[in-house]
Amino acid sequence: MFDALTDRLTEAFRRFGAKGKLTAEDVDQGLREVRMALLEADVHFRVAREFIDRVRTRAVGAEVLESLTPAQQVVTIVHDELVALLGGETRRLAYAARPPTVLMTVGLQGSGKTTTAIKLALLTRRDGHRPLAVAADLQRPAAIDQLEQLGRANEVPVVRPAAGSGTGPSATVTVCRAGLTEAAARGCDVVILDTAGRLQIDGALLDELEQIRGAVPVDETLLVVDAMTGQEAVNVATVFRERAGATGVVLTKLDGDARGGAALSMRAATGLPVLYVGVGERPQDLELFHPDRMARRILGMGDVLTLAERARDQVDRAAQQQVEERMLAGRLTLDDFVAQLRQLRGMGSLESVLGMLPGGRQLVRHGGAELPDDRQLRRMEAIVLSMTPAERRRPEIVDASRRRRIAQGSGTAPADVSRLLKGFGQLQGLLRGLGAGGGRRGLARRFLPGVPPGVLGR
Amino acid sequence: MAAEDGAARARWWRRLSQRVSVSGGAFAGQLRSRLLVWQRLDDDFFEALTEVLLSADTGVGLAERIVGDLREAAARGRVHRPDQAVALLRATLGERMARLPRGLDLVGEPAVVLLVGINGAGKTTTVAKLAHRLRQEGHTPLIAAADTYRAAAVEQLQVWAELAGVPVVGHRPGADPGAVVFDSLQAARARGCSPVLVDTAGRLHTRQPLMAELAKVVRVIGRQQPGAPQEVLVVLDATTGSNAVVQAQSFQAGVGCTGAVVTKLDGSARAGYVLRVEEELGLPVKLVGIGEAIDDLGPFEPDAYLSALFGDVTAPTAPAGDAGAPA
Ligand SMILES: Nc1nc2c(ncn2[C@@H]2O[C@H](COP(=O)(O)OP(=O)(O)OP(=O)(O)O)[C@@H](O)[C@H]2O)c(=O)[nH]1
Ligand SMILES: [Mg+2]
């Protein structure tokens, strides 16, 4: 399902690119695809709309419309704006100047607060601190046991309420206070309060959080949110920020296939930054949040952007344009071919380049045997360089004696020369056959014009 | 659950309309009420309708298709006013929903109901609520605590089971869930209990080994009890967005679901993905959870659901036998 999305976006951008120059309507057309991508990633519809407006303002600027690579430019703008909105830089946990640092996990039912509380404990321990956790979820049956068992398994001390202390707000406040006392006694400098899940429309339970904050000095209130959350994310973040003083977000269950538009929605609507992401069930599966990775994930774009960036660094765009035109006309020369090979080498291994394309990983996996490795590429380059200009322009004049000479000059065998020329012939044929069409191939060609036919001609 | 008497049904309706209020959250409520004050079937109305659908998590594809169809109906003169358009939409969706079978198949000795879903969806709570409800309806359920992975999962279930007055069969943490199910079926037969309600560990639908483990549990059940499990219900959280469809699809592919349960509908989320789960996957929503109390579970009522989705164009007619329900 998400592959289809990637293809669709890519296709829209490819259409941009094929025309060379863009009109304002073209931009609108492409932005519609971006909007769809955002909505399908569960970005809030208002956030998506405002986002698209902002991108449009930048994208219809002359520098994009006039450029030779408008598709990449639009992608880059979308990506940059998304990263900026997601928070540009990574924010870590803020430890209190005077210990203990008190952290509190809050959120809806089932979002992953208890698991996250233990994950945070281990994270602070990795930072050199001594954490203690407090079982302050007096609502869900056996929530206290769950935290206690996790604490025992990970050597994190857990404070639980006294037997028969009830389930109301005052009992909750009491156990939180007890936690701080216990931490002081044990020399723990981080206290993590694991609170009950609650709906953001549950006034009584929100009051409880206010009472906790009134009783103990909470430094960070982390809103734990399921990465698969839909449009409600905005309401949830808004209320928890206002009523519970949330200072940041931990996004959980990101090891699934959720695209995580909730992160963007929450950030845009409330300014709450995402600090960490949960990427597995094990207690060590908590990672720092990376806005740029999140941006790509929301767009469903794999690493196309990295690829685009690398290509931009390597390629002289004007020259590239000419090569592409010749290619489309089926008039690729061996000179072009060798230039493309050089480019490929500059971008990294062919495998890593293909791996970054949507669907490219598939190619790598299934066509692995056909991929020339770096050594083979270097050899191919050497062969072409040993040919005379006339031979490069018209490879068909290469006969047995020329072949021997070329092989000698390039330190290869005549059979290698034959194989290269045959491959080149096939590539030309393939390109002629393709004409201007071809979705995935079309895209690959834009980035990898010189890829040998064995790789793409499946 | 099919053979509910009128009074019980009326009670459920009352609870449903209190918890799943038409207005929902303030913001969504605003959107929905705006729909009905619109005067003309113009672009602004269709825009507003699109927003209502999007904000309810129907997904952009379905939202645009629905609005496109309505635009066409308007162009053909089939509807002239916004209230007619919304009524037509409700009728169309309602008709489709009416075709799906929503009763639980509990025929078997014992019958087996398996609950599956991602972490935190509400499986354990649903098992407990369902046990309670079935007991009230005269069944003698038994609970199989087949989540042997999550810390304190069995303890959680035991607290609930005691409340519901239903026996639980469980093993030590880390035990094979297949073995738990095996023992549960034997115990159920020995005691004459049915159905066996199986709580399973939460798992992301993308984790293949865990899906295979679940498929094995289903096989164990089927070998021991031909025809079982009668029901495999995928539990979905109402606050989830479009990923809920992917979850349902993956569990359906992995273990063959017979229906879905939507939990946490007492929040302000509208779980618009329900429309897609039913239409695209053919999976009927059979139960909804509307709170954390033991009687906060009941049958899915398409009419009430559509009211919550679009606002009350035509107030849902209360079922027969409903004397005391609020208007
Ligand atoms: N408000 C509300 N909360 C619910 C509902 N159903 C379940 N919950 C809550 O959601 C949280 C998770 O429920 P569980 O039943 O433990 O979920 P689970 O799927 O068994 O979770 P794991 O076993 O950890 O994967 C608990 O705090 C429940 O009380 C519901 O209908 N409404
Ligand atoms: Mg459970």
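Chain identifiers are assigned alphabetically (A, B, ...) following the order of the sequence lines, protein sequences preceding nucleic acid strands; residue numbering begins at 1 within each chain.
- By the 4.0 Å N-to-carboxylate-O rule, B:Glu51 lies close enough to A:Arg49 to be salt-bridged with it.
- When heavy atoms are compared at a cutoff of 4.5 Å, B:Leu157 does not approach chain A at all.
- A donor-acceptor contact closer than 3.5 angstrom links the side chains of A:Gln149 and B:Glu155.
- Contact check for B:Ser55 versus A:Arg46: no side-chain heavy atoms found under the 4.5 Å cut-off.
- Inter-residue side-chain proximity for A:Glu281 and B:Arg150 is flagged as unmet; no heavy-atom pair is nearer than 4.5 Å.
- Heavy atoms closer than 4.5 Å to chain A are found nowhere in B:Leu62, neither backbone nor side chain.
- Without hydrogens or angle criteria, A:Lys253 side chain to B:Leu204 main chain gives no donor-acceptor distance under 3.5 Å.
- B:Ser242 contributes a side-chain N or O that, together with a main-chain N or O of A:Glu40, makes up a donor-acceptor pair within less than 3.5 Å.
- Annotation: side chain of A:Asp257 is in contact with side chain of B:Val246 (closest heavy-atom distance under 4.5 Å).
- There is no contact between A:Glu148 and chain B, counting heavy-atom distances below 4.5 Å.
- Only the side chain of B:Glu64 comes within less than 4.5 Å of a heavy atom in chain A; its backbone stays farther off.
- Residue contact with chain A, scored on non-hydrogen atoms closer than 4.5 Å, involves the side chain of B:Asp237 exclusively.
- Chosen from A:Ala262, A:Gly256, A:Ala233, A:Gly230, the residue pairing most often with chain B at heavy-atom distances under 4.5 Å is A:Gly230.
- Side-chain contact between B:Thr206 and A:Asp255 is absent, with no heavy-atom pair separated by less than 4.5 Å.
- At a threshold of 4.5 Å between non-hydrogen side-chain atoms, the residues B:Lys264 and A:Gln109 count as touching.
- Taking 4.5 Å as the limit, some side-chain heavy atom of A:Met228 sits within range of a side-chain heavy atom of B:Gln247.
- Side-chain contact between A:Thr229 and B:Asn243 is absent, with no heavy-atom pair separated by less than 4.5 Å.
- With a 4.5 Å cut-off on side-chain heavy atoms, A:Arg198 and B:Glu292 do not count as touching.
- Within the 4.5 angstrom heavy-atom criterion, no atom of B:Tyr273 approaches chain A.
- For A:Leu147, no part lies under 4.5 angstrom from a heavy atom of chain B.
- Options A:Asp145, A:Leu199, A:Asp42 differ in how many heavy-atom pairs under 4.5 Å they form with chain B, and the most are formed by A:Asp42.
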